[in-house]
There are 2 protein chains.
Amino acid sequence: MDKPIGWELYRSFLAVLREASLSGAARDLGVAQPTIGRHIAALEKSLGLTLFTRSQSGLAPTEAALELRSHAEAMHSSAAALRRAAESHGDGVKGTVRVTASEVIGCEVLPPLLAALKATHPLLTVELVVSNRVQDLLRREADIAVRMTAPRQELLVARRVGQVELGLHAHPHYLQRCGTPRSLDDLPRHALIGHDEETPFLRAAKKTLPAWQRRAFAFRCDSDLAQLALIRAGAGIGVCQVALARREPRLVRVLARSFSLKLETWLTMHEDLRKSPHCKVTFDALFAGLQQHVG
Amino acid sequence: MDKPIGWELYRSFLAVLREASLSGAARDLGVAQPTIGRHIAALEKSLGLTLFTRSQSGLAPTEAALELRSHAEAMHSSAAALRRAAESHGDGVKGTVRVTASEVIGCEVLPPLLAALKATHPLLTVELVVSNRVQDLLRREADIAVRMTAPRQELLVARRVGQVELGLHAHPHYLQRCGTPRSLDDLPRHALIGHDEETPFLRAAKKTLPAWQRRAFAFRCDSDLAQLALIRAGAGIGVCQVALARREPRLVRVLARSFSLKLETWLTMHEDLRKSPHCKVTFDALFAGLQQHVG
DNA sequence: GCTTATCCATACAAATCTGTATAGCTGCCA
DNA sequence: TGGCAGCTATACAGATTTGTATGGATAAGC
């Protein structure tokens, strides 16, 4: 009851939390379902807590289990980081680097950069975490992050890429069909594409763009990528990166003088990784590529 | 070679790094020595790296092993934090809280505060990490930290306690024997107690106290605690907290007008722990006690 | 209402991991 | 130089853990 707990138990615990079932966790870890069941039972006994309420449709975590989850996740991140570090050990650019970025950056901007990087360094493996949630570099959820806010944490190497400019855009087809707005007053008559839930961005946009509010949107969507797709499909007028609009299919910027938003863009990396050739090479390549992207 | 690695292996790996031998690690973890040997062999095979060079006097970590160490330490911290969280789960003040502070604060100031805290909350267990190295709260090396610098990290709850004043002190016996310095010019004729290695503090002191340099010290010692003990033993004149000097054995402050250094003191805690009653109670108790200490 | 697909729990055999005992090596000290 | 203490590596028996197979119970789909 008071002796140290094997780390395997924590591993199984996290898997059950993620899969919400013993069977799923067993599949995930590549072991049999009774094994996981025994691990959870042993962990519960050692901790003196009930971690899950059993049911036929799976296991529901108790409040206690939820409190412990973040620690198990931290262990998982560290284990993954250890493996990446091991794979990348030695001279030369090889191994795995884990990059995180927002959905738009990750899907629209990074792929060609990463492809070119891989072509130059064939032994490099890239893990791309596309998420609007800010990953924690200190907990090693990623090695390198593209961020839209200046990092305030210590222990991080941060380099400012520049400003990403956002503007209102529409597809030529749409403008042909519905006309081009000449002033902000025209906007309410157009099909607007915006977010469903209130975001920091939305609050910022409202200041310069009073018409930009939820009830005015003809399309409400929280995925920036889907919004971009809607704009490209000629669904209406929406906000996207000016640099992206220049690509094919070519989008037309509207009301450029009335609306412009600039986001600070930073590339960050954990200090320890400066010595790893593969991380450094990736960092430099992304920096150059992103800088070119922001113009 | 490419399948997931059991977390037990990492646990053994860290133990070997810490003990620098298979036998020591086995003792540490409470298993047999061949078990650890097999774990290391399995880990080396899985990672495709040589982690240690075997010898009859123990295992010497390779460069690769040293690179991986911090990740394993992070796993260890998270595992320990998980256990503390589990022990402390539920209503009421119980479980374990891990507090870190400098040597002087930890040995001279905190003990009575912690004793009183424990008397009020009998179910509380306290882990006190006395170290001048700044523990990483984000990696959960501790729950609560007393720090002498304003924290710049996010995700931390920080509260300013006040300023700890440092001054020159000596025991009455010493002053009887060797006289009391009347001005800074008298200092070179006295037995001075100072640090052996250059520290940020020493560099700061030099500015207001030109005489305060390494070659002028009669006693050189890097332990702040031992310096305090030397002062109390009447060995000479040294720097210590004004608040501490008022205790028994009573120390006399000298050259108070010529030398005074004030250190900002902060109490910090991870944001997540605000909801844990035992951490909150400890935080508040330490805050009150420290504030009284700094006056 | 029946079938099917999941899920958890249990029993037993098999595989794995662990501990004990021992040998071989090195460094230290008298 | 001999004895002691510490370390690693190996062989083999024992204990623990794991996997397979199965039963029971629930929920969804036809």
Side-chain angles (χ1 to χ4, degrees), chain A residues 1-47 49-66 69 72 75 79, chain B residues 1-66 68-69 72 75 79:
Chain A
M1 191 79 68
D2 205 30
K3 64 184 168 193
I5 298 172
W7 288 4
E8 280 302 302
L9 302 190
Y10 297 132
R11 186 155 165 255
S12 300
F13 168 63
L14 179 60
V16 174
L17 276 173
R18 290 186 166 174
E19 299 289 325
S21 85
L22 297 182
S23 312
R27 279 191 297 271
D28 195 33
L29 296 181
V31 297
Q33 164 254 319
T35 301
I36 303 292
R38 286 186 284 252
H39 283 181
I40 297 302
L43 186 59
E44 287 184 323
K45 187 182 167 198
S46 293
L47 295 178
L49 288 175
T50 302
L51 295 172
F52 299 94
T53 52
R54 269 75 168 174
S55 82
Q56 271 74 15
S57 62
L59 275 73
T62 64
E63 188 194 345
L66 295 176
R69 174 166 191 158
M75 290 184 77
Chain B
M1 189 76 68
D2 204 32
K3 64 183 168 194
I5 298 172
W7 288 5
E8 280 301 302
L9 302 189
Y10 297 132
R11 185 155 165 255
S12 299
F13 168 63
L14 179 60
V16 173
L17 275 173
R18 290 187 166 172
E19 300 290 325
S21 84
L22 297 181
S23 312
R27 279 191 298 273
D28 195 34
L29 296 182
V31 297
Q33 164 255 318
T35 301
I36 304 291
R38 285 185 284 254
H39 283 181
I40 299 301
L43 186 60
E44 287 184 324
K45 187 182 166 197
S46 293
L47 295 179
L49 288 174
T50 303
L51 295 172
F52 299 94
T53 52
R54 268 75 168 175
S55 83
Q56 273 73 16
S57 62
L59 300 200
T62 64
E63 187 193 347
L66 295 175
L68 304 183
R69 174 166 190 158
M75 290 185 77

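Naming convention: chains lettered A, B, ... in sequence-line order (proteins, then strands); numbering from 1 in each chain.
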**Report entry** From dA9(C), dT18(D), dG19(C), nucleotide with atom closest to Leu22(A) side chain
**Finding:** dA9(C)
Requested in this report: Using atom types as modelled and distance alone, determine if a side-chain donor or acceptor of Ser21(B) lies under 3.5 Å from a backbone N or O of Leu59(B).
Outcome: no
Query - Length of the CD-P vector between Glu44(A) and dC8(C), whole Å - result: 13 Å
Query - Closest listed nucleotide, where the reference is the side chain of Gln33(B) and the choices are dG19(C), dT8(D), dC7(C) - result: dT8(D)
Report task. Considering just the side-chain nitrogens and oxygens of Arg27(A), establish if one lies under 4.0 Å of OP1 or OP2 belonging to dC7(C). Result -> yes
Report summary line: Against the side chain of Pro34(B), the closest entry in dC7(C), dT10(D), dT8(D) is dT10(D)
Report task. Specify the closest pair of heavy atoms between Ser12(A) and His39(A), including all atoms of both residues, with the distance to one decimal. Result -> OG-ND1, 2.6 Å
Query raised in the report: Hey, is the side chain of His39(B) poking within less than 4.0 Å of OP1 or OP2 on dT18(C), counting only N and O atoms?
Result: yes
Requested in this report: Would you name the heavy atoms of Leu17(A) and Pro61(A) that are closest together and state the gap between them?
Outcome: CD2-CB, 3.7 Å
Requested in this report: Answer yes or no: is there a donor N or O on one side and an acceptor on the other, between the side chain of Glu44(A) and the main chain of Phe52(A), under 3.5 Å?
Outcome: yes
Query raised in the report: How long is the line joining CG of Leu29(A) and C1' of dT17(D), in whole Å?
Result: 15 Å
Requested in this report: On DNA chain D, check which nucleotide each of Gly30(A) and Gly37(B) is closest to and give me the residue with the more 5' one.
Outcome: Gly37(B)
Query - From dC7(D), dA9(C), dG19(C), nucleotide with atom closest to Arg54(A) side chain - result: dA9(C)
Query raised in the report: Between dG19(D), dG19(C), dC7(C), which one does the side chain of Ser21(A) approach most closely?
Result: dC7(C)
Query - Rounded interatomic separation in angstrom, taking CD1 from Ile40(A) and C1' from dC7(C) - result: 15 Å
Query raised in the report: Quick one: Leu9(B) CG to dC17(C) C1', roughly how many Å, whole number?
Result: 12 Å
Report task. Would you kindly give the CZ-to-C1' distance between Arg11(A) and dT17(D), to the nearest whole Å? Result -> 15 Å
Report summary line: Taken to the nearest whole Å, CG/Leu59(B) to C1'/dC7(D) is 9 Å
Requested in this report: Using a 4.0 Å heavy-atom cut-off across all strands, classify Ser23(B) as base, sugar-phosphate, or nothing.
Outcome: base
Report task. Could you state the atom-to-atom distance from CZ of Arg38(A) to P of dA15(C) in whole Å? Result -> 16 Å
Requested in this report: Compare every heavy atom of Ala72(A) with every heavy atom of Trp7(B), then report the nearest pair and how far apart it is.
Outcome: CH2-O, 4.0 Å
Query raised in the report: Within less than 4.0 Å of OP1 or OP2 of dG19(C), is there a side-chain N or O belonging to Thr35(B)?
Result: yes
